[in-house]
Q: 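One structure follows; several queries about it will come next.
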Amino acid sequence: MIKSDPLYALEKLSEAVHVLATGEGPVQERLNEAATYLIQIRPEDLPDEELRPVLVRIKDDLTKHK
């Protein structure tokens, strides 16, 4: 069983927000870079059980092919 890591999740969320808020380039590029951090987070890494399904939906939207 893989142990959850809330600090890892917090670090990746922080990096995603930082890229969106202070990154250079067009917003689409910043969103793409932020997505690379978000998809690394496993739902079980989030300590708040109510946020887990939110993360799953976000990751599904980010990885959906159109």
Q: Any chance you could measure Leu55, atom CG, to Ile41, atom CD1, to the nearest 0.5 Å?
A: 6.0 Å

Q: Any side-chain heavy atom of Asp60 within less than 4.5 Å of one from Val56?
A: yes

Q: The criterion is side-chain contact (heavy atoms from CB on, under 4.5 Å); which residues satisfy it with Leu62, sequence neighbours excluded?
A: Ala35, Leu38, Ile39, Ile58

Q: Just by modelled atom types, is the Asp5 backbone N or O under 3.5 Å from a matching donor or acceptor in the Asp45 side chain?
A: yes

Q: Looking at every heavy atom in both Ala34 and Val19, which two are closest together, and how far apart are they?
A: N-CG1, 4.1 Å

Q: Determine which pairs satisfy salt bridge (charged side-chain N to carboxylate O under 4.0 Å, His left out) with at least one residue from residues 14-32, sequence neighbours left out, and list them in order.
A: Lys12-Glu15

Q: Taking Thr22 for its side chain and His18 for its backbone only, find out whether a donor-acceptor pair lies under 3.5 Å.
A: yes

Q: If every non-hydrogen atom of Pro43 is compared with every non-hydrogen atom of Arg52, which pair is closest and at what distance?
A: O-CG, 3.1 Å

Q: Same cluster or not: are Leu13 and Val17 linked, directly or through other Ile, Leu, Val, Met, Phe, Trp or Tyr residues, by side-chain heavy atoms under 4.5 angstrom apart?
A: no

Q: Please list all pairs meeting side chain to side chain donor-acceptor pair (under 3.5 Å) that have one or both residues in residues 31-41, counting only residues at least two apart or in different chains.
A: Tyr8-Gln40

Q: Any salt bridge between Asp61 and Lys64, counting N to O under 4.0 Å?
A: yes

